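A quick write-up on the structure given underneath.
These numbers come from a predicted model, not from an experiment.
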Amino acid sequence: NKQDDGAGGGVYIVKGSTSFTMTGGTIGGTNDGDANKATYGGGVYVGGTFAMSGSASIIKNEATESGGGVYVGGGKFTVSGAARVTGNTNKNKIANNVYLPDNRSITISGALTGEIGVTTESKPKDSKSIDIATGVTAGYSGKFSSDDSTYVVKREDNKLVLATTTPTTPTGHTHYLCGKTHKEVGDHKIDTQITFTKWEGEDSLPDSTGNWYLTKDVTLSSTWTPVS
């Protein structure tokens, strides 16, 4: 099936009380011509309630925008059993399995042995993670994965989140030195940033030229003359 300018290439679940339960079978497939295609939700577009369980699979579908496998546009998407959403892509052939717009997530409704790939609208940054699944009672290691290898799936209490692989460590302390008065944060646009070096002394100040910033209060017992 193909929805060039629409949603739900395989199945479109209308918003509201509409529900679709999938306990087996496949949406998509591995043969040429099996792929369902749509702008959003190549396999399934969720507006109502979608429950996947048993051996149900959504594989090898494509979305020109987002949700090659499943696009969770509203309602509720639940998974259990050996449910599988893998091998789906966007138009650039980049993995895009279950797409979760902001404030959307997957509900784990029972023991899960399948595989679910996930892409989120907002991306994790530094220590800020993105919720992707609720109803978590186990680690589900290898059951959920990020479509983008830049991120990893982690468990936080009773939910799964998408997080950065490693914390971002600041590379330096920078400021603009333009000699002008600025009233708004971020209104420097053209001046060159200067990197400042950390000074951790408590009873002295730097004796070499450079740009420094203090991390502690400094008490001097003698006169200090800046290096020219």
Side-chain angles (χ1 to χ4, degrees), residues 3 6-13 15 20 22 27-28 35-52 56-80 83-109 112 114-168:
Q3 293 282 358
V11 177
Y12 184 96
I13 306 170
K15 181 180 180 181
F20 172 47
M22 186 178 180
I27 295 176
N36 297 287
K37 298 182 180 181
T39 305
Y40 301 98
V44 177
Y45 181 93
V46 181
T49 300
F50 178 31
M52 280 187 80
S57 295
I58 299 176
I59 57 175
K60 301 291 185 179
N61 299 286
E62 180 182 313
T64 54
E65 291 296 332
S66 304
V70 178
Y71 187 103
V72 185
K76 186 176 184 179
F77 177 35
T78 67
V79 294
S80 64
R84 177 186 175 197
V85 187
T86 60
N88 303 282
T89 65
N90 60 20
K91 64 182 178 182
N92 297 316
K93 303 302 180 184
I94 296 173
N96 202 283
N97 287 291
V98 177
Y99 183 82
L100 298 173
D102 290 344
N103 302 314
R104 302 293 182 192
S105 63
I106 302 166
T107 299
I108 301 171
S109 58
L112 181 69
E115 299 176 57
I116 311 289
V118 176
T119 295
T120 56
E121 179 180 2
S122 294
K123 307 303 179 186
K125 184 177 180 181
D126 300 333
S127 59
K128 179 177 173 57
S129 58
I130 306 295
D131 293 353
I132 63 169
T134 60
V136 177
T137 57
Y140 297 107
S141 176
K143 309 308 178 187
F144 282 81
S145 62
S146 170
D147 290 331
D148 184 342
S149 60
T150 306
Y151 311 114
V152 294
V153 174
K154 296 181 178 180
R155 180 181 179 181
E156 292 184 358
D157 298 324
N158 65 338
K159 64 184 180 180
L160 296 178
V161 301
L162 209 61
T164 53
T165 53
T166 55
T168 301

Quick check: are there more than 12 heavy atoms from other residues, nucleotides or ligands sitting under 6.0 Å from NZ of K128?
no

For K60, I'd like to know if atom NZ has over 12 heavy atoms of other residues, nucleotides or ligands within 6.0 Å.
no

Kindly compute the distance separating [atom1] ([X]) from [atom2] ([Y]), expressed to the nearest 0.5 Å.
| X | Y | atom1 | atom2 | value |
| --- | --- | --- | --- | --- |
| S80 | L112 | OG | CG | 7.5 Å |
| S146 | Y151 | OG | OH | 7.5 Å |
| I106 | D131 | CD1 | CG | 11.5 Å |
| E121 | N103 | CD | CG | 9.0 Å |

Taking all non-hydrogen atoms of both residues into account, name the closest pair between [X] and [Y] and its distance.
| X | Y | value |
| --- | --- | --- |
| K154 | A163 | CD-CB, 4.1 Å |
| S129 | E156 | OG-OE2, 3.5 Å |
| Y140 | G135 | OH-O, 4.4 Å |
| A38 | G9 | CB-N, 3.4 Å |
| R155 | D157 | NE-O, 2.8 Å |
| K93 | E62 | NZ-OE1, 2.7 Å |

Under 3.5 Å, is there a donor on one side chain and an acceptor on the other for S122 and D102?
yes

With respect to D147, which candidate in T120, T119, N90, T86 satisfies the side chain to side chain donor-acceptor pair (under 3.5 Å) definition?
T119

Passing option when V118 is tested against I130, L100, L160 for side chain to side chain contact (heavy atoms under 4.5 Å, CB included):
L100

Only one of V79, T134, T78 passes side chain to side chain contact (heavy atoms under 4.5 Å, CB included) with S109; say which it is.
T78

May I ask you to decide if [Y]'s main-chain N or O and [X]'s side chain share a donor-acceptor pair within less than 3.5 Å?
| X | Y | value |
| --- | --- | --- |
| N61 | I27 | yes |
| D148 | T150 | yes |
| N97 | G87 | yes |
| N88 | V70 | no |
| T164 | K125 | no |

Flag the pair P101 / Y71 as yes when at least one side-chain heavy-atom distance between them is below 4.5 Å, and no otherwise.
yes

I'd like to check T89 versus N96 (side-chain heavy atoms, cut-off strictly below 4.5 Å). Are they in contact?
no

V72/F50 under side chain to side chain contact (heavy atoms under 4.5 Å, CB included): CA gap, chis, key distance, verdict:
CA-CA 9 Å; V72 185; F50 178 31; over 6 Å; no

For M52 and F77, run side chain to side chain contact (heavy atoms under 4.5 Å, CB included): C-alpha distance rounded to whole Å, both residues' side-chain angles, the deciding distance at 0.1 Å, then the answer.
CA-CA 8 Å; M52 280 187 80; F77 177 35; 3.9 Å; yes

